[in-house]
Every structure is written in C-alpha cells, then in structure tokens.
Amino acid sequence: MRIALRTPAILLAILAACGGPGHSASKAHPTTLVITLPADANTLLPPLSTNETSAQVGAVLFEKLAEVGDSLNVVGDEGFRPSLADSWTWAPDSLSIAFHLDPKAHWQDGVPLRAADVVYSYRINVSKDVGSPVGPLLAGIDSVTAPDSVTAVFWFHSRSLEQFLNAGTQIRILPAHLLQNMPDSMLRTAAFGRTPVGSGPYRFVRWVSGSTIEVVADSTFHRGRPKIDRIIWSIAGNPDAAMLRLFSGEANFTETLRKQDIEQIASHPNLKAVRYPSMTVFYVRFSERSRGWHGPHPVFGDRDVRRALTMAIDRRRAVSTVFDSSARVALGPFTSALSTYDPALPRLPYAPDSAAAILDRRGWVMGKDGVRHKGAVPLRFALLVPGTSTQRQQMAVLLQDMFKRVGARMDIEHVDFPTMNDREEKHDFDAAFEGMTVDPTPSGIRQEWSTSAARAGGTSNTGYYTNPAFDALIDSAVAASSPKAAIAQYRRAYATLIDDAPAIWLYEGTTTAGMGTNVHPSHMRADMWWVNLADWSIDDGPVAKGASVALAAGAH
Amino acid sequence: MRRLLAGRLLQGLAVLWIVATFTFTLLHLAPGDPYSYHGDRRIAPEILAHWRHVYCLDRPLPAQYGCYLASLARGDLGFSISQSRPVRDILIDYVPRTLELMTLALLLSFAVGIALGVLEARRRGTFADWGSRGIALFFYSMPDFWLALMLALVFAYWLPIFPISGIENVIDAPTFDRWQRMGDHLRHLVLPVTTLVLMMCAGIARFQRAAMLDVIRLEFVVTARAKGVSENVIARHHVLRNALLPIITLAGLTLPMLLGGAVLVELVFSWPGMGYVTATAIGSRDYALVTSSVLVTSALVVVGTIAADLLYALADPRVRAA
C-alpha cells in the first residue's frame, strides 16, 4: 500500500521536473514576445482574414506598399511611411500613382518581390469569387499595371483624397508565384492560408490549431531585421486563463486588461500596464423605423424625442461611474484619435428639465405609472445589450434609471452578439447598445450612417437614419480638393449627425495592455496596436518563461 | 449475436439521423447565422451576401437541410466558416486532443473509482469507508470550472509546479527532443486530468461500492467463505468480477464523455479540444462545425452502447444465451 501511494507522488514529481521553469531558464533564449489572446486565427491569407488574430499575424508576415503614419492622417499622402514601396509618384492629373518597389524586397522563399505580385494581389482582393472584405474599399481603383518589374501603377476612376490610402494601405501583397495557378474560388481552402510565405519582417514557423502561432525574425528582411527574435501568439480560451498566463510569466503581453487586472498589475514588480488610444466607440442606436419596417418608429421616429432622450442622459456621470477615468465621453461615431476630430463640436447637453419639456411639447403626457403616454402609446422601448459585455450591462442599468426620471421606460434585453446583429439586420429592435471600431478613413462614416447604407440593408445603418444634408456634406468632404477643406466638411457633417441624435453617443474607450516590464513597445496605434511590432524590443536577460520564476516567487 | 449487432446498428443509424436533423433544426432556429457577427468591424453587405450564397445560407431552410443531408451522404462534413477550413480537418486536429485527455481521465477515474469502491465495501462502516466517501463526495459536489481554477491557482501559480494552460511550453517546444516534448505534454495534462478524475471517480466509487455490497450478500460468496477461501481471493475472484457488470454499463454510457465531457475544463485550461472548439463554434453560429461535433459525439454514444451490450454478453453467459 505504501508503494501504491508513493508511485503517483513519484510520477508527479518527475512530471513536475520535466521542462519546468528551471529547465527553460537554463537555456540561452532568443528574445520572445508571447502574446496571449482569446481567439485563434481563421486564416493567414490576408484577403480572407476576418478576425483580429489573423490581422496581427498577417501584419508581420505580409507587407503593404505604404503604411499610415502615427498621426493617423489618411487624406492625401502626408505622414504615410514607405513600406514595400520606397517611394511613389503622382501623375500630373492625380488619376494614377506609381509605386516604386524596394528592389531588395523578396519573398521568404528567396524569390524577388516584383510588381506582378502587386497586380496579382489587387486582382485577388477585388475578385468576386474570392469575396474579400477589402474588395469594396478598392472600388475607386480602375486597374493596376506593371510598366516594369519594380513599378506598380494604380489607376483611379476619379480623384479623391483617399486615393493614396486605398491604393497604398488596403492591400497586403501576396506571392503570385505561389498562388496564381490556383482558381480564385479555391483560395479559401488553400494550404497557403495555414502555411504562408510572406515578405514581411517575420517568417512563419508553425501554427498549432487552437494553441500557438509562431513567427521568427527574418534576418534578410529588406528594411532590416526586427528587434525581437520571435513572436508567439498563445491562445487562451478565456480572460482568466490569459491573465494567469501573464501573471505566471507564460506570456509577456496581453492587449486588453480588465479593470480588476489593472489593479493587480500595479502591485506586480515584473509587469506593467500601458494605456493606448482606442478606435472603438460605444453608443445606443435608435431604430427610426418600427419593428418589421411598417413606417416610423412610434418613439424614435420623432427627431425631437430622440434629442430629448439624449438630453436625459448624464453621459459624463455614466461613463465615470462605470469606467472611472479609463474612458471618455464620445462626441459622435468617431474617436479623438481621428484627424477629423474636433473637441469643440457642438453636443446635446445634459438637461433633464429641458428633455421633459420637449417630451411634453411633443404630446408625451406623464401617466400615473410614471411612464409617459402619447394616446395609447407608452414611452417604452427595449434596449438590446450584449450579454457578454459587463460594462455595457452596467451602463444600461444607469441609462434605465436616467430615462425613468423623464418618464421613459426602458427594458433591457440581454442577447448574444449574433442574435443582436441578426435582430438589427431584420429590424426587430427598438434600440441597441452597439460598439463599433471606427475606420480611420473619415469617409467610412458614410458606410454606417448614410441614406445609401440604410437602403442597402445588412448590418449597416440598421436604425435607418437618413438626412440628405448629412449625405451631401460627406459627399463634399470626399470630393474636396484639399485636406483642409475635407476636414471642415467632415466636421459640419458630424455636427449635423449629432444634432439629429440617431444615437446616444456614450463613450470611447482607452485600452490598457499588460506586459512584462522588459517589453518596450513602439508607438501603439489606436486602430491597430500591432502595426509597429517590428520596432518593439525586449531587454536582454530571461524572457517570459525565465521571468516566471521571479514573478511567481515575487507574488508571495 | 449477429442479429443483436445488426439490430443495434440499424437503431444507431436511425438515432444519428434524428440527432443530425434535430441539431440542424435547433441551430437554424436560433437567431443569426455564421455571418451575423464579425467583431465590432463592419463588412460590406455585398460581401456578406456573397458568402451567404456560397454556403447556401440564403436559401430556404428545407433547401439548406437538403444540402446538408446530401453532403453528409457523400461523407462531407462541410466547411467551417469560423475557421476557414473543412470540418474534417478540424476534427482531425481537435478530436485526438480530447480523446487523449478524456481517455486518460476516464481510465484513471475508473481505476481509482473501482479501487475506492472495493476499499469502501470491504471496510464498510469504518473510518476508511466514511473518510473515502466524504472526500470523494466533496470533489463530486464542486463545479468543475471552479475546481479547475482552484487547481490552476494552487499548482500553477502559488506553487508553480505545473503549467497553467495549453498543450505545450510554447517558448521551448520547438527545441525539445521527442522525450522532452512528451514530458512537457504530460505536464500540461496533469491539471486537467486531475480535475476530471477528482470529479468522476466519486460516482464510480459509489456504483462499485453498492455493487460489491449487493454481491457480498449472495449465497455463493457465503459458500466460498465457508469453504475457507481467503477474503482477498473472495473479493478479487468472486465478488469483484460479478460486481463489475454495472460498471461495464456505466463505462459504456460514459463513452460519449470522451468527446463532450470536458467543455468547461478545456475552456479553463485552454486545452484545444472538441469541447473548446464546439463552445466557440456555437458562439459564432458555425453550423457545420457544431452539427458535426454533435454528430460525432452521438456516434460515440451509439458505439458505446453497442460496445456495452457486447461486453455484457461476453461477461454474462445468460445474456449471450438470451
């Protein structure tokens, strides 16, 4: 019996000794950034990638012709950084741009990267058989040609201030010599999507489904070897597992910390929290059409009622209650990181008395039950809230209370994301608590709030907000002859939108990343924090796993 | 025996068809489809329409059901939209991981559970009996995700003996030789397997104890004891063998757990197996992946039940004769 009891203990001791922290610390490590995140990539073929993990890995494997600068300016070509193209030339009529490729650029299988690859990549991104989400963004491009092996010329249908952005930064260049013999419709199932060959600063090593994606620095990269030797994306199925990995040293970077994690990290000697701007804005969208699309919504079809309900909300208090200082009140469907942002934009004030007066004026009479009625119609509506978002749920409860004070009753419906989107798409909702990652392209607002977006259906402008004045201002901004004129028009459009109150703009988040104190990030851009990964560095010495010993000991 | 087997196989096929239809219908009745959510980013409606057309999602439900059955009949389990690859490839990646985890957990659970059951039955009413049952019940009554988190906290964070999650040491794995890789993999198995064993062995021990106590009272055991056969021999050869029949049934019924029994444990320990992938697929309405996961698990239930019937027949000549 004694032997029987000892055996499992001996086995456990042997297992505990196998490849444990001490084991790895004894090896000479290359610098390794281990990013822990919740979802696996779907594919590493950029035109078809639809999730953030794919985007992050794709960004270090494949290059664009140019990159948006840290200022996030996207009009004209000011601030853009060379990437695959080391320079570019505008045609005198501005209807074409010639990108001059770095002749040293090459694929990681040794084949030189040439203009034919650019032509091929454009064709794949607009191919109907491929169905890339990037395709519609390239609608302004007429064609791409290759007058010589290191020059790719983009030809445009018409001039616009976003020509350069669309040509230079929307397409990641693919190796034509490896893919061009494959029918477009088969690209989705191509093995290349799981074992890619790129031209970027890192070289693909392995992808263990649901577990790990690993890349290593490419010493032959045409713009110089990146500073960190290896990057590993390590999939953790839930936020708690991700945090435990960070705290135990199995990972040394996570892109998002929860409020409670930030407090814990502050007391940890080997970890730090780094705040960076976000491009995500959160708001309550009103449906201006009734459920089932039978005429105007009984409550939100009236612009004055929408404005009154917006004025009933003390947004500053709601945001500070839920987020403390880690989020700021949003002005509209854009964030302060955009070049078109203006803190002086007019906004609807918090004025519950004025809100009540407007509602009185519009015929909404306070009933004995504390809810206003207009005839037989009560001022009552349901708000769709994603059940997985704790912060949105907390804020919804605050909104419910604030609406109640002016005689509006809001019911909260907790749903999952697919249900929420499906119900919005089918116009089966009154109001929805949405979060949207804003496109750095200011004209992206057209896709979400224009009349054409409302008429197109789908998941855009599901509230059916329409205002010809807003549409005209956006059209003018897109067609403006100078960045300055464009920005002025965008700001006028924003003011119109805010005044119409198609939504209550609640907050734009800042995001806080957690990382080892020896990790030194380069500029973390608001729209894609990972863009400058090749410029990040890690101090010499024990990395992730080696540090875990000190972290775990330090914790106790 | 052949007729029994043939009958069971036909029943099994009917069950699989019903399960496939039921799962398909339920999934499609839930709001949304695989293209209803792509994070907070927007995808142009024309692109969504294209994808929905490619995967028959724009057709009426009966037409989609027809597509589904036709592809099943061809042995094609479909294409996973959330993972952008054929479901067959995903199952090849994920099924072995869950089988490995659950096989180890089930084998250890049965070994420990049977041993505990025998111990409890032979020392009925003693401190060992009460103590063993109490401890087993303690673990049995705990939610699995909580127990998993506590084990991770104690044995991976406070006492950093075992890794917190995953299936390998992501940093060093590429430099490991075969034995190091195996040792590293086994270390990653320890906490999830321990969680599952602690959860499952209590039930098995109770079954075994009850079965042993039933058999111990039977006449042939009394006869053996009267003949002077030692208690150890009676327990091993006379009581245990007869008391194993209910455990065989239990083993057959737990076979489906091989694929579907560790969803929360897989999620807590980030063990990329079928539980993990199915839970993720449900969230993203990945119809093909969810229906295939359910179908494969159902197939295991069918196989498990048939196997239990056959084992019963082998273990008990009366069943064979009937």
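Throughout, a chain's letter reflects where its sequence line sits, starting with A, and its residues are numbered from 1.
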Mind checking whether A/Thr50 and B/Trp51 have side chains closer than 4.5 Å, heavy atoms only? yes

Where does B/Tyr94 contact chain A at under 4.5 Å (heavy atoms): side chain, backbone, both or neither? side chain

Taken to the nearest 0.5 Å, the spacing of B/Ile81 CD1 from A/Arg188 CZ works out to 7.5 Å

Going by an N to O cut-off under 4.0 Å, is there a salt bridge joining A/Asp416 and B/Arg285? yes

In Å, rounded to the nearest 0.5 Å, how long is the span from NZ of A/Lys128 to CD of B/Glu46? 8.5 Å

Heavy-atom cut-off 4.5 Å, strictly under: side chain, backbone, both or neither for B/Arg97 against chain A? side chain

One should read off an interatomic distance between B/Asp93 CG and A/Arg194 CZ, to the nearest 0.5 angstrom, of 6.5 Å

Would you please name every residue forming a salt bridge (charged side-chain N to carboxylate O under 4.0 Å, His left out) with B/Glu266, sequence neighbours left out? none

Heavy-atom distance under 4.5 Å between the side chains of B/Ile47 and A/Pro136, does that happen here? yes

How long is the straight-line distance from CG of A/Asp240 back to CG of B/Leu267, given to the nearest 0.5 Å? 11.5 Å

How long is the gap from OG on B/Ser165 to CG on A/Leu244, to the nearest 0.5 Å? 7.5 Å

Report yes if the side chains of A/Glu250 and B/Ile164 come closer than 4.5 Å at any heavy-atom pair, otherwise no. yes

Can you confirm whether the side chains of A/Ser209 and B/Arg85 place a donor and an acceptor under 3.5 Å from each other? yes

